[in-house]
2 protein chains.
Amino acid sequence: MTEKKRRGRPRQAEVARLAGVSQTTVSLVLGGNKQGIVIHEDTRRRVLEAARTLGYVPDPAARRLAAAQNNLLGVFSFTATFPTDPAHSYYPFLVGVEREAAARGFDLVLFTGSSTGGAGAEAPGALERVRLADGCLLFGRHVPTGPLRRLVEDGFPLVHVGRRDEVEGLTWVGADYVAASAEVVRHLVAAGHRRVVLVREDDDAPASTDREAGFRQGLAAAAGGEGAGGDQGVEGDQGAGGEKGVEGAVVRLRAPAEELTADWVVAQRAAGVTAFVAEETDTGAAWRALRGAVARAGLRAPDEVSLALLGSPPPDLPADGEATGFDIPRAELGAAAVRALTDLLAGRRPGGTLARCAFRPGSTTGPPPTATT
Amino acid sequence: MTEKKRRGRPRQAEVARLAGVSQTTVSLVLGGNKQGIVIHEDTRRRVLEAARTLGYVPDPAARRLAAAQNNLLGVFSFTATFPTDPAHSYYPFLVGVEREAAARGFDLVLFTGSSTGGAGAEAPGALERVRLADGCLLFGRHVPTGPLRRLVEDGFPLVHVGRRDEVEGLTWVGADYVAASAEVVRHLVAAGHRRVVLVREDDDAPASTDREAGFRQGLAAAAGGEGAGGDQGVEGDQGAGGEKGVEGAVVRLRAPAEELTADWVVAQRAAGVTAFVAEETDTGAAWRALRGAVARAGLRAPDEVSLALLGSPPPDLPADGEATGFDIPRAELGAAAVRALTDLLAGRRPGGTLARCAFRPGSTTGPPPTATT
DNA sequence: TTGTAGGCGTTATCAC
DNA sequence: GTGATAACGCCTACAA
């Protein structure tokens, strides 16, 4: 086929011939010489000179092969949404991942099959491909525990970004959604709200569970004791209130979209609900549903109703940048994940990471309206 | 040292042992088997089965060394700014790259040293790492032509994103900055402006050259013939005007920042300049300098002065989203680059690509103020 | 149809 | 100090 690459890429052997030494010596001089072997300054100079005139550059493949390490960190994402949809995307994490990986001398492998919205991640064995890297970072709201468990059992270095306890022995780094969500709720209660509703998606991803836990915790703290109500469908009613009269309810979105109507919003307000919070997910479904319903009900935040988002608004809704909520330190998390992974590779036990999310005051919350409806 | 990684990275030899065949047979079954050698269905099945249970994945370094392909496309970026600086970043391109690569069954390797602002890209041989991949995409305002030429001469498949003619034989896909810039200028002239100044950086990257060419072309078209003035420093005066009295001048930023003062803006306006355009670069320096100077001069667009950007505003200036200018179809370009690269890999000659940029009307331009100063 | 042997370019282990 | 020699994992003649 293609003339073979040969000639044009000098190897150590040629450098050796030119310098009149053995190939081993060339390797010693050019390579780090980690073994601390002493070499004549003359020899050394000759080798360097020869390498320079020949324009010698080490072959990365050979180098990695010999080193029995590829200096490659994988990035695999199990994503619900299509990866090119800007609404999802692990790119924000990627900047931290890249920075840290670069600092540690690793290149990155983006496993695309992973994110081909269905075709890839499901494909049996798709995940197996990560073995080509020295270790791998995992992203996703849900993960296929079966194949993953196998990788873990084989001792393949893996770090999941986001809490993930389903798989025994899987290392993860995450953000403290519980504390951050609680803080948002406290903010609402402090502003005077007494009845708050959380809108969330219907699947039980750790990211959702944590947010709900934080929501309840925030209410409980405000109430001075007990937590909020239980899970209900859209038509569900409020949960038990706390001692200070602080009450909360959780609404699960059965279908991805349009489940929340203007009527529902009106009914909630009639029942005394003055603030709504929605969880952030990769699709942003809860938040979209909430703000859509509120808009259709003709209500405006923060004057007529308070809205908060447990996270950041989806990138395709830049106008929502001022929503009250919290910011996930994505780049930081990405970097922390890389550190954990390299720890694993070095045989060290990575220290646990639970990054703090910064509260974002925003402008969609305020005191509850004095008059009702 | 560290127990060696082994165990957890199955080799063909182990698959062979498990399947009760030789390592060659494994290679034949698992590798493409390009030679069309026929293998017993039984053997084949046994090998496949063994590979699956062991979770075998070929080692990319070894494959490359043996001159085979890895289904890996590289991404290497020569960037001036620090890669983690959101102001720059090739991420917008990456979504297109990833989508197209996934569609064609390739994974991506992000060569990180590439963008470590200095440490990586400069290191001799840093670029050589791309040889681990089957081919590579290149990004950057400037590139080290030496090392690049070498790869090209070796026939390594490379595609540069953005026009790049310095390196003979290098394939590139780009956006038509000339036409897009001319369109912006025509827009200004059509609005009534007669004296326009282009602010650009001082290096001669193709991206800058093209924009200036478009600027001149736009003026020339408006003037019904001749182009605009020549290059000048900040203190330079206007170039020759066209027949309809349309004049333009080009100002180069000598230093990255603060070169443009309020006084300069005032002087320009006194000289009859009613519109300014700035080129977009990875740092956004020209645009920042221009809008800063205009702001300090106390002028507001579009009422007192018209401002346009030859490109999109930097991501860290979201408020500038409404600047008149044009949008580079980054994802499209990324995808086109992948197509070109896979064409190269398949031995096909990639068709040239010069993507069209969409004009963005924005709200920073309007008719020139009727009264002066 | 399957196995044996050699090589790709480096690094690492020993003798010399 | 320096140089054979043996991996590293895979591919591909060529032999059986």
Side-chain angles (χ1 to χ4, degrees), chain A residues 1-2 4-17 19-47 51 54-72 131-134, chain B residues 1-2 4-17 19-47 51 54 56-72 125 128-129 131-132 134 154:
Chain A
M1 281 283 165
T2 51
K4 217 75 167 194
K5 51 181 178 173
R6 184 67 25 53
R7 291 308 87 90
R9 289 185 57 57
R11 335 59 148 6
Q12 289 189 342
E14 312 187 14
V15 176
R17 215 176 311 138
V21 299
S22 84
Q23 182 266 343
T24 306
T25 308
V26 175
S27 176
L28 247 28
V29 173
L30 268 29
N33 187 7
K34 320 281 192 193
Q35 303 93 268
I37 294 177
V38 189
I39 295 187
H40 250 158
E41 194 49 34
D42 271 8
T43 318
R44 188 185 161 63
R45 222 189 300 283
R46 278 215 314 284
V47 170
L54 253 40
Y56 169 80
V57 175
D59 182 319
R63 186 184 272 262
R64 297 187 195 218
L65 181 56
Q69 162 149 5
N70 285 322
N71 271 282
L72 247 33
R131 300 185 116 114
L132 122 194
D134 296 330
Chain B
M1 282 284 163
T2 51
K4 218 69 169 200
K5 50 164 189 180
R6 191 73 9 64
R7 294 305 87 88
R9 208 146 313 206
R11 312 286 164 230
Q12 287 190 343
E14 312 187 17
V15 176
R17 215 176 310 137
V21 299
S22 82
Q23 182 262 346
T24 305
T25 307
V26 175
S27 175
L28 248 29
V29 173
L30 267 29
N33 187 6
K34 318 283 192 192
Q35 307 92 267
I37 293 177
V38 189
I39 295 186
H40 245 169
E41 195 47 35
D42 271 7
T43 316
R44 187 185 162 64
R45 223 190 300 282
R46 277 216 315 282
V47 170
L54 252 39
Y56 169 79
V57 169
D59 183 301
R63 274 184 78 93
R64 279 314 272 180
L65 196 55
Q69 304 232 311
N70 277 325
N71 267 284
L72 247 31
E128 290 290 322
R129 284 182 304 158
R131 300 192 112 107
L132 184 65
D134 298 343
D154 278 6

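Just so we're clear, the structure is a prediction, and the values are computed from it rather than from any experiment. Protein chains get the first letters and strands the later ones, always in sequence-line order, with residue 1 at the start of each.
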Looking only at heavy atoms, what is the nearest atom pair of B:Pro58 and A:Leu132, with distance?
-> O-CB, 4.2 Å
Mind checking whether A:Arg46 and A:His40 have side chains closer than 4.5 Å, heavy atoms only?
-> no
Counterpart residues, side chain to side chain donor-acceptor pair (under 3.5 Å), relative to B:Thr24 (two or more places apart) | none
N/O donor-acceptor pair under 3.5 Å between B:Arg63 side chain and B:Ala68 backbone | no
Between C:dT1 (P) and B:Leu28 (CG): distance, integer Å = 11 Å
In whole angstroms, how far is the P atom of D:dG9 from the CZ atom of B:Arg17?
-> 12 Å
Would you say A:Arg64 reaches D:dC8's phosphate, i.e. side-chain N/O to OP1/OP2 under 4.0 Å?
-> no
In whole Å, what is the span from the OH atom of B:Tyr56 to the C1' atom of D:dC10?
-> 7 Å
Separation of D:dC8 atom C1' from B:Arg9 atom CZ, nearest Å, is 13 Å
Atom-to-atom span, CG of A:Asp59 to P of C:dT11 - whole angstrom = 10 Å
What's touching nucleotides 4-6 of chain C from the protein side, N or O pairs under 3.5 Å?
unit_1: C:dT4; atom_1: O4; unit_2: B:Thr24; atom_2: OG1; d: 2.7

Atom-to-atom span, CZ of A:Arg46 to C1' of D:dG3 - whole angstrom | 14 Å
From the candidates D:dC11, D:dT2, C:dT10, the one with an atom nearest any side-chain atom of A:Thr43 is D:dT2
Looking at B:Arg11, does any N or O in its side chain come under 4.0 Å of the phosphate oxygens OP1/OP2 on D:dG9?
-> yes
Value in whole Å for how far the P atom of D:dC11 lies from CD1 of B:Ile37 | 13 Å
Are side-chain heavy atoms of B:Arg131 and A:Asp59 found at a separation under 4.5 Å?
-> no
Hey, does A:Leu65 reach any base, or is it just sugar-phosphate, or nothing, if we go heavy atoms under 4.0 Å?
-> base
Taking the side chain as every heavy atom from C-beta outward, state whether A:Thr43 and A:Val29 have any pair of such atoms under 4.5 Å apart.
-> no
Atom-pair distance (CZ on A:Arg45; C1' on D:dG1), nearest Å = 16 Å
Hey, does A:Gln12 reach any base, or is it just sugar-phosphate, or nothing, if we go heavy atoms under 4.0 Å?
-> base
Just by modelled atom types, is the B:Pro60 backbone N or O under 3.5 Å from a matching donor or acceptor in the B:Asn70 side chain?
-> yes
For C:dA12, does either OP1 or OP2 sit under 4.0 Å from a side-chain N or O belonging to A:Ser27?
-> no
